[in-house]
Amino acid sequence: TRVYGMAEARGRSKTQQDGAAVNRGFAVSRVYERLSPEGTWTPAAEFAVGDLVRITLHVDKSADPLTYVVMEDYLPSAFEAVNPALLSQIPGGRESETADAGNRFLKDRVRFFADSWSGGRFTARYLARVTKSGSVIAPSAKAELMYKPETYGLSIPQKLTVSAGK
């Protein structure tokens with residue numbers, strides 16, 4: 001005989017209350033912008049399947065120089081990152097602002113690395129394509145020191161709505 005079962009696990013950082021950002025050395029924020037038919041970027045929380053979205057991460061820190069910082073943004077389940085290394089994914093074949101060998105475009109997240117960082121604000125931008133409809137949650141973006149993970153920051157999680165298309 002076969003026995004089938006289903007389990008569900010949920011977790012949450014003890015330091016992050018519902019909907020709150022966390023600053024343990026980094027202040028992280030994120031902006032979603034949709035490309036309009038006129039070719040301009042407009043801040044948005046509602047999208048349609050097929051939309052091109054520009055995601056901007058802002059990470060602020062103290063004035064002290066830091067080394068080995070990683071910024072990681074998990075994608076909402078309805079989005080797929082556009083990899084700038086693959087020119088066929090870039091609209092018009094243009095280079096992206098983040099076409100850097102140190103960045104990683106994975107199936108479920110995008111990572112940005114900084115070996116050294118002396119400025120006050122780091123801004124990273126990347127493109128994503130909307131591929132599925134429904135209501136989705138964009139998990140918190142995170143910045144942390146690779147060798148001191150107790151120094152980190154989390155952005156506010158965001159709820160996004162995606163319609164079936166035009």
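Both backbone and side-chain heavy atoms feed into the values below; hydrogens, waters and symmetry mates do not. FYI, the numbering just counts along the sequence from 1.
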(message) Does any part of the side chain of Thr56, heavy atoms only, come nearer than 4.5 Å to the side chain of Thr123, both counted from C-beta?
(response) yes

(message) I want to check something: taking the side chain as every heavy atom from C-beta on, are Ser133 and Ser163 in contact at a cut-off of under 4.5 Å?
(response) no

(message) Does this structure show an ion pair linking Glu80 with Arg129, if we count only N-O contacts that are shorter than 4.0 Å?
(response) no

(message) Let's go through Val69 and Phe113 carefully: what are the C-alpha distance in whole Å and the side-chain angles of both, what is the deciding distance for side chain to side chain contact (heavy atoms under 4.5 Å, CB included) to 0.1 Å, and is it a yes or a no?
(response) CA-CA 6 Å; Val69 180; Phe113 298 93; over 6 Å; no

(request) Mark yes or no for whether Ser140, through its side chain, and Ser155, through its backbone, hold a donor-acceptor pair below 3.5 Å. (result) yes

(request) Identify, with sequence neighbours excluded, every residue that meets salt bridge (Lys or Arg N to Asp or Glu O under 4.0 Å) alongside Asp108. (result) none

(message) If the condition is salt bridge (Lys or Arg N to Asp or Glu O under 4.0 Å), which residues does Glu144 pass it with, not counting sequence neighbours?
(response) Lys142

(request) Starting at CD of Gln158, measure out to OG of Ser29 and round the result to the nearest 0.5 Å. (result) 9.0 Å

Listing, residues 41-48 side-chain donor-acceptor contacts under 3.5 Å, not counting sequence neighbours, or none:
none

(request) Indicate the atoms forming the closest heavy-atom contact of Val49 with Ala164, along with that distance. (result) CB-O, 3.4 Å

(request) First locate atom NZ of Lys61, then atom CZ of Phe122, and finally report the distance between them rounded to the nearest 0.5 Å. (result) 12.0 Å

(message) Main chain of Leu35, side chain of Arg54: is a donor-acceptor contact present, judged purely on distance under 3.5 Å?
(response) no

(message) Using every non-hydrogen atom in the two residues, find where Arg30 and Ala138 come nearest and quote the distance to one decimal.
(response) NH2-O, 3.3 Å

(request) Would you check if Arg104 and Val110 make a side-chain contact, meaning some heavy-atom pair closer than 4.5 Å? (result) no

(request) Find out whether Lys132 and Val130 are in side-chain contact, i.e. whether some heavy atom of one side chain is under 4.5 Å from a heavy atom of the other. (result) no

(message) Classify the ring geometry of Trp117 against Phe26: parallel below 30°, tilted from 30° to 60°, perpendicular beyond 60°.
(response) parallel

(message) Quick one, Tyr68 and Asp115 - any side-chain contact, counting heavy atoms below 4.5 Å?
(response) yes

(message) Between Asn23 (side chain only) and Gly25 (backbone N and O only), is there a donor and an acceptor less than 3.5 Å apart?
(response) yes

(request) Report yes if the side chains of Leu145 and Tyr152 come closer than 4.5 Å at any heavy-atom pair, otherwise no. (result) no

(message) What's the separation between atom CG in Leu52 and atom CG in Leu127, rounded to the nearest 0.5 Å?
(response) 5.0 Å

(request) Please report the closest heavy-atom contact between Asp73 and Ala141, naming both atoms and the distance. (result) OD1-CB, 3.6 Å

(message) Strictly distance-based, threshold 3.5 Å: is any side-chain N or O of Ser135 a donor or acceptor partner for the main-chain N or O of Thr161?
(response) no

(request) Measure the spacing between OG1 of Thr131 and CG of Asp51 and express it to the nearest 0.5 Å. (result) 11.5 Å

(message) Within this structure, what is the CG-CD1 distance for the pair Leu75 and Ile55, rounded to the nearest 0.5 Å?
(response) 6.5 Å

(message) Do Glu150 and Arg24 have side chains that approach each other closer than 4.5 Å (heavy atoms only, starting at C-beta)?
(response) no

(message) Quick check: is Val53 connected to Val31 through a chain of hydrophobic side chains (ILVMFWY, heavy atoms under 4.5 Å apart)?
(response) no

(message) Let me check something: do Tyr74 and Val136 share a hydrophobic cluster, defined by ILVMFWY side-chain heavy atoms less than 4.5 Å apart, either directly or through other members?
(response) no

(request) Show your reasoning for whether side chain to side chain contact (heavy atoms under 4.5 Å, CB included) applies to Val59 and Phe112. (result) CA-CA 11 Å; Val59 182; Phe112 300 94; over 6 Å; no

(request) Run the numbers on Glu38 and Thr40 for side-chain hydrogen bond (donor to acceptor under 3.5 Å, both in side chains), then give the verdict. (result) CA-CA 6 Å; Glu38 296 80 32; Thr40 59; 4.7 Å; no

